[in-house]
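Beneath this line is the structure, given in structure tokens, with notes to follow.
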Amino acid sequence: MSRVLPAGPGLALVALLALLPVVIGAQVVPGKPDAGGMPAPTVALERGRAVYVLNTCHFCHGVDLTKATMGAAVLLHSPLVGADENGNVIGAVVRAGIPNLQTSMPAYPDLTNQEVEELAAYIHYLRQLGRHKELMGASVAAGDAAAGRTYFAANCASCHAVTGNLKGLATNYDAATLRARVLGPPPPAASVDAGAIAAGRRQHLTLLEKYSDDDVNILVAYLQEATK
Amino acid sequence: MLSRRQFGGVIAGLPLSALVSPPPPWERAADAVRFGLETFSFHDLPPAGDPRLIPTIVKNMVEIGLGECEIMSGHVEPWASYTTGWWVQSRRAPGFQKVREQARHWRLTVPMDYYRAVRKQFDDAGLNIHLYNVNFNETFTDQERDRTFEAAVALGVTGFSSSTVLTEAKRLVPFVERHKMFVAMHNHNNLVDPDQFATPASFEKALAMSDYFKVTLDIGHFVAGNNDPVAFIKTHHDRIVNIHIRDRKRNNGPSRPFGRGDTPIKEVLRLIRDNHYPIRCYLEYEYGSFRFSVEEVKRCLEYCRQALA
């Protein structure tokens, strides 16, 4: 190296800081990718990423949950993980491990409750990110509006009405935009003060983990008909 | 530190004898055991089939200062190892049959110069590929097994390391005898399937089948299966080609940074050194870290060197 740099502990600190994501309030401006993928967007999620990466989950399940190395499961599409709330399912699987496979999943009995919750929150974040990307990129097919009506009644009607706060959607948006609006923005949800909005945004992120490709198609078909 | 140009200026004024390049770092280190690595340790390589893959492995090894390796088939062939059926789960994946047929066709038709060209890149850097890691399994045809032994010769290795099963070992007996090349069985820690390599007894069954069967003892997986690597090495040192060094916890516990699991790495390395066993000690980096592989493998090597200091 021909460039002359000042030496000393000050430089080491500057170098270290340069590698860390910049923290602004609860939000983190992502830094450079490392061996565990991209730094997470919030301090809490970054703690979850540390649990995920330092316990080697990424070597088998991938930094974005899409891999199934060593015969592992694709966590992005795992119904088991979809049923998890705050680590109640993930924690049980991870603490017990899955022994006696050809290449077993190790057991992590030493994880604390806090670590399990942080880990689960990070896994859900990665699933929402991954599903948002997949659903936005999915090939759109004509959906069954009647099925969409049933799905809406069960999953959306607590917050929305087609003749109320969603009225006029089909006139304002074309099908592609409507689809993007149904999905909402990718995680993390920008934090807002109003409680109802914040709860709605959280619910939309949860829905990202539950939607099948067809669920989104039938919802769009229904909203196109019912919100004119 | 001197820049390249400054360095050139310095050497211009030196006698010719000073220009002879210094020995490579692994020779200068003069370790008391023979260190190497399983190329699986590099988790951030270009994908299988990418022309930059082998040069990256070579560059990484030179940078770390390790002179030899066991190379994964997934780093030699243009697809990942699992596409040739090594995880039972991968054989159930949709489209597996088609990909498997393609891989078989490639294996049966690729000229042996392909493997020689891989070897040459290591030779040119002064590195040795000691073992070819091929995970023989029931999806191989006999023709394919034969070709794979020929490939190993072209690759210039002394034998195979293999994550395989006892039923496949039985099929391999005529091949190792005919090609006069060993296959070293590699263990995991499945303690209930009697076909898997995990316990001393499972290894002993294969060792009894042919003198050409040997052992690649993964001391981390062995400990995760609650077995004792020190005792096993004392008994079977003459049939062990190499060990994979990783530090797992007992009871199917996770991989941890060296020194933080339950694996007696120090005791194993000292046992091999003190008894002059010709067992090669290969690092296998598989614990969690935010650092990229080269840096982490350097730490593994440093830990092992300290253990022998």
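In what follows, chains are A, B, ... by sequence order, proteins preceding strands, each numbered from 1.
- No part of B/Asp193 comes within reach of chain A, as not one of its non-hydrogen atoms sits under 4.5 angstrom from that chain.
- A donor-acceptor pair shorter than 3.5 Å cannot be found between the side chains of B/Asn227 and B/Arg250.
- Residue B/Tyr82 does not touch chain A at all, counting heavy-atom pairs closer than 4.5 Å.
- Interface remark: of the candidates B/Leu191, B/Val165, B/Asp44, B/Leu191 forms the most heavy-atom pairs closer than 4.5 Å to chain A.
- There is no contact between B/Phe197 and chain A, counting heavy-atom distances below 4.5 Å.
- In this structure, chain B has a heavy atom under 4.5 Å from the backbone of A/Pro33, while its side chain stays farther away.
- Put simply, of A/Gly97, A/Gly71, A/Cys57, A/Ala68, the one with the most heavy-atom pairs under 4.5 Å next to chain B is A/Gly71.
- For the side-chain hydrogen bond (donor to acceptor under 3.5 Å, both in side chains) with B/Thr216, the qualifying choice from B/Asn242, B/Asn133, B/Asn187 is B/Asn242, the only one to do so.
- Chain B forms more heavy-atom pairs under 4.5 Å with one residue of A/Pro99, A/Pro106, A/Ser104 than with any other, namely A/Pro106.
- For a residue to count as touching a neighbouring chain, one of its non-hydrogen atoms must lie under 4.5 Å from one of that chain's; by this rule B/Ser289 touches chain A with the backbone only.
- With B/Asp50 contributing its side chain and B/Pro46 its backbone, the two residues share no donor-acceptor pair below 3.5 Å.
- Note on A/Val53, A/Thr56, A/Asn100: by heavy-atom pairs under 4.5 Å with chain B, the leading option is A/Asn100.
- Contact record, B/Trp87 with A/Gln102: CA-OE1, 3.0 Å, taken as the closest heavy-atom pair.
- Of the atoms belonging to B/Arg256, it is side-chain heavy atoms, and not backbone ones, that fall under 4.5 Å from chain A.
- Heavy-atom distances place the backbone of B/Asn251, and not its side chain, under 4.5 Å from chain A.
- Of the two parts of A/Met105, only the backbone, made up of N, CA, C and O, holds a non-hydrogen atom closer than 4.5 Å to a non-hydrogen atom of chain B.
- Other residues, nucleotides and ligands contribute at most 12 non-hydrogen atoms within 6.0 Å of the CG atom of A/Asn86.
- Geometrically, B/Arg100 engages B/Phe140 in a cation-pi contact defined by less than 6.0 Å to the ring centre and at most 45° from the axis.
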- Task: Please report the C-alpha distance between B/Asp218 and B/His188 in whole Å, then the side-chain angles of each, then the deciding distance to 0.1 Å, and finally whether the side-chain hydrogen bond (donor to acceptor under 3.5 Å, both in side chains) criterion is met.
- Result: CA-CA 7 Å; B/Asp218 189 308; B/His188 290 102; over 6 Å; no

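- The 12-atom threshold is not exceeded at CZ of B/Arg260, counting heavy atoms of other residues, nucleotides or ligands nearer than 6.0 Å.
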